[in-house]
Amino acid sequence: MSSVKSTTTTPVSNGQAEGAEGPGEHGAAAVLSKRPEVDAAAAALVPGDQAVRLRAIPFAFDGPRLLVAMLDPADVAASDEISVCAGRPVARVGISRDAFAELLRDVHGITAAQMAARLGGDGGSDDLVANLEAIEAADLHRMAEQPSLINLVNLIILEAIRARASDVHVEPFEKKLAVKYRVDGVLVEQEPPPKQLQSAITSRVKIMAGMNIAERYAPQDGHISLRFEGRKIDIRVSTVPTLYGESVVMRILDKESITLDLATLGMRESDRAGMQKLIDIPHGMVLVTGPTGSGKTTTLYAALTKLYDPTLKIITIEDPVEYELSGVNQIPVNPKRGLSFADGLRSILRQDPDVIMVGEIRDYETAEISVRAALTGHLLFSTLHTNNAISAAGRLLDMGVEPFLLSSVLEGILAQRLGRRVCQACKVPDVLPEELKHRLSPREMAMFPDGRGWRGAGCERCGGKGMRGRIGYFELILTTPALRTGISQKAGMQDLAKFVQPGFVTMRRDGIIKAAEGLSTVDEVLRATQDAEESAD
């Protein structure tokens, strides 16, 4: 009989669990509102990666039947898969999302670490994988196809998605193999797998990404697509050879985890109004600048989403296409087949577009074609790598763009950085440390009454970290007549800065405003905008 306590129901199809919320939305069973007691033997019948994928966890036996807690008890395909895997008939039990998350943490929370420890055994000798070239490709393939190893790699990826990580880093060192998740822009080291699993883990990732496992001494790129909790996840994989083996980075692209809305990204109302002016113009060039990983592409996607109209032909060329946008024609750059930004842009112009997005202006050829496209009646969005907004004009002039052409087409420049967002569920006032006060101007300090800022105290929602998610710090320049004149005369950056529109707010000041409102912290703002501090008050 079931070892489950009063939180379950016997029989499930007719009875109702104590502590449950009445009939499930699908009518098949009660919905558990609390985590049920778990029979370890039942839970062990389905491995952790499969439980996450199916959103279902066995938790008890009811005679010959296996009781399975399911987020979607109407998912017959999932219950059939569990039935085949366990060799038993299955009784589906609905469970609330919070209760399921708690159950998943308790049953499979450290599955990846436990599995890695089991696979690693006693650790073996230090030189077990020191001579990597001695391992044959066929042996690597065989190691990578072991079911336990497959589950380990799957769980590393799935736990990263659950942790809201943007990247997974697998880094080989002399004595260990490090696994790190980048969460809210900060690398967090995980429990390391045994060093002797290095070749097998790397090879498994490369097989999943369609890469050549026999090539270990040249950089490679690949792509993985999977489904997690009913949504599609794309993963870009990059490997590079290092002194102690291949370093692997997996960039997780989860379209449903981001909201393509300028307000949600953290843009203040005044900047959103300025962006709306740029979106509404019929033709010209709009640039978004910042370092790699500062959210430029996401901002452009949000602008295109706001701009979308069935009467407009919108085409993008990107390297790579990060998220699929409904109603937008997106072209991935493919240098191996002769499709560069410049070549693709030439072809786009023959497609009668209204709006064009170029993923990045990297060279003179792309810059020149972009400028001429904006001159000939197209609205063109693109990105550049510069420290602040006003530097973008100088960067294009340095590439060789004619000053009079650039001054004619440039309509606006947005520069941005990303910082961590204070958890709004547990934020509390906090006295600013003296070292931070010394880095703020009197005008900035005036934004913090009594010298108090904000911090996250730590709660269940943010995992005790006090931070959850990221927020943008922006500076927006709308091209004024004086600025056009300065660009056409190749004025220096300091001179051009004098011609920006009244009320211009630097990235740093924008961040300080948000820190004063409790959306971020002063140290996050100063860290993210330190290379742009010279433009602050």
Side-chain angles (χ1 to χ4, degrees), residues 258 260-262 265 267 271-292 294-309 311-333 340-342 344-349 351-363 365-386 388-393 395-396 399 401 405-416 472 474-479:
I258 66 168
L260 298 178
D261 176 75
L262 294 174
L265 297 179
M267 190 174 288
D271 286 337
R272 295 201 306 273
M275 281 298 293
Q276 188 63 53
K277 291 180 182 178
L278 297 177
I279 288 171
D280 290 339
I281 62 177
H283 53 79
M285 174 183 283
V286 179
L287 298 175
V288 179
T289 76
T292 301
S294 60
K296 300 185 299 295
T297 302
T298 302
T299 298
L300 284 180
Y301 281 173
L304 291 181
T305 300
K306 194 171 183 63
L307 175 69
Y308 174 73
D309 186 307
T311 65
L312 296 177
K313 175 83 168 185
I314 305 175
I315 306 181
T316 75
I317 180 163
E318 307 170 56
D319 183 22
V321 173
E322 295 195 4
Y323 301 103
E324 296 176 11
L325 300 177
S326 177
V328 176
N329 298 276
Q330 296 173 271
I331 303 171
V333 166
S340 64
F341 276 119
L345 189 48
R346 286 193 188 92
S347 299
I348 286 174
L349 293 176
Q351 289 280 309
D352 186 30
D354 297 294
V355 181
I356 302 169
M357 179 187 128
V358 180
E360 182 185 346
I361 295 178
R362 299 175 177 173
D363 51 44
E365 189 177 15
T366 306
E368 182 190 34
I369 301 170
S370 298
V371 167
R372 295 193 180 278
L375 272 173
T376 54
H378 304 93
L379 177 57
L380 186 137
F381 294 89
S382 190
T383 71
L384 278 176
H385 290 277
T386 63
N388 53 32
I390 202 63
S391 300
R395 178 82 178 99
L396 289 175
M399 286 184 183
V401 175
L405 292 178
L406 181 59
S407 65
S408 299
V409 302
L410 188 59
E411 297 294 339
I413 310 165
L414 177 74
Q416 66 180 75
F474 303 94
E475 65 180 32
L476 177 65
I477 291 177
L478 302 178
T479 308

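For this chain, numbers begin at 1 and follow the sequence in order. Since the model is a prediction, treat every value here as computed from it, not as a measurement.
A 4.5 Å side-chain heavy-atom check between Phe381 and Leu307 finds at least one atom pair inside the cut-off. Side-chain contact between Gln416 and Met267: absent, with no pair of heavy atoms (C-beta onward) separated by less than 4.5 Å. Contact of the Thr366 side chain with the Asp363 side chain is registered, since non-hydrogen atoms from C-beta on lie closer than 4.5 Å. At a threshold of 4.5 Å between non-hydrogen side-chain atoms, the residues Thr299 and Phe474 count as touching. A heavy-atom distance below 4.5 Å is not found between the side chains of Phe341 and Leu345.
Residue Leu379 is tested with Ile314, Leu278, Leu312, Ile281 for a side-chain contact (heavy atoms from CB on, under 4.5 Å); the sole match is Ile281. Exactly one residue among Ile361, Val409, Val401, Leu375 makes a side-chain contact (heavy atoms from CB on, under 4.5 Å) with Ser370. That residue is Ile361. Among Ile315, Thr316, Asp319, Val321, the one residue that satisfies the side-chain contact (heavy atoms from CB on, under 4.5 Å) test with Ile331 is Ile315. Shown are Leu396, Leu410, Val371; of these, the side-chain contact (heavy atoms from CB on, under 4.5 Å) with Leu405 is made only by Val371.
Summarising the geometry, atom CG belonging to Asp271 is positioned 13.0 Å from atom CD belonging to Gln276; distances are rounded to the nearest 0.5 Å. The CD atom of Glu318 sits 10.0 Å away from the OG1 atom of Thr383 when rounded to the nearest 0.5 Å. The line from OG of Ser340 to CD1 of Ile317 is 7.0 Å long, rounded to the nearest 0.5 Å. Atom OG1 of Thr386 is separated from atom CD1 of Ile413 by 8.0 Å, given to the nearest 0.5 angstrom. To the nearest 0.5 Å, atoms CE (Met275) and CG (Asp280) are separated by 10.5 Å.
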Check: residues 351-360 side-chain donor-acceptor pairs under 3.5 Å, at least two apart:
{"unit_1": "Asp354", "atom_1": "OD2", "unit_2": "Lys313", "atom_2": "N", "d": "2.8"}
{"unit_1": "Glu360", "atom_1": "OE1", "unit_2": "Arg362", "atom_2": "NE", "d": "3.2"}
{"unit_1": "Glu360", "atom_1": "OE2", "unit_2": "His385", "atom_2": "NE2", "d": "3.3"}

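The main-chain N or O of Pro291 is found under 3.5 Å from a side-chain atom of Lys296 such that the two form a donor-acceptor pair. Put simply, the side chain of Gln330 never gets that close to the backbone of Glu322: no donor and acceptor are under 3.5 Å apart. With hydrogens and angles ignored, the 3.5 Å screen pairs a side-chain donor or acceptor of Glu475 with a backbone N or O of Ala389.
Contact between Ala392 and Thr289 at its shortest, heavy atoms only, is CB-CG2, 3.8 Å. Scanning all heavy atoms of the two residues, the minimum distance from Gly274 to Leu478 falls at O-CD2, 3.9 Å. The two atoms that bring Thr479 and Gly412 nearest to each other are OG1-N, 3.6 Å, heavy atoms only.
Counted within 6.0 Å of CZ on Arg272, heavy atoms from surrounding residues, nucleotides or ligands total more than 12; the atom is thus considered enclosed.
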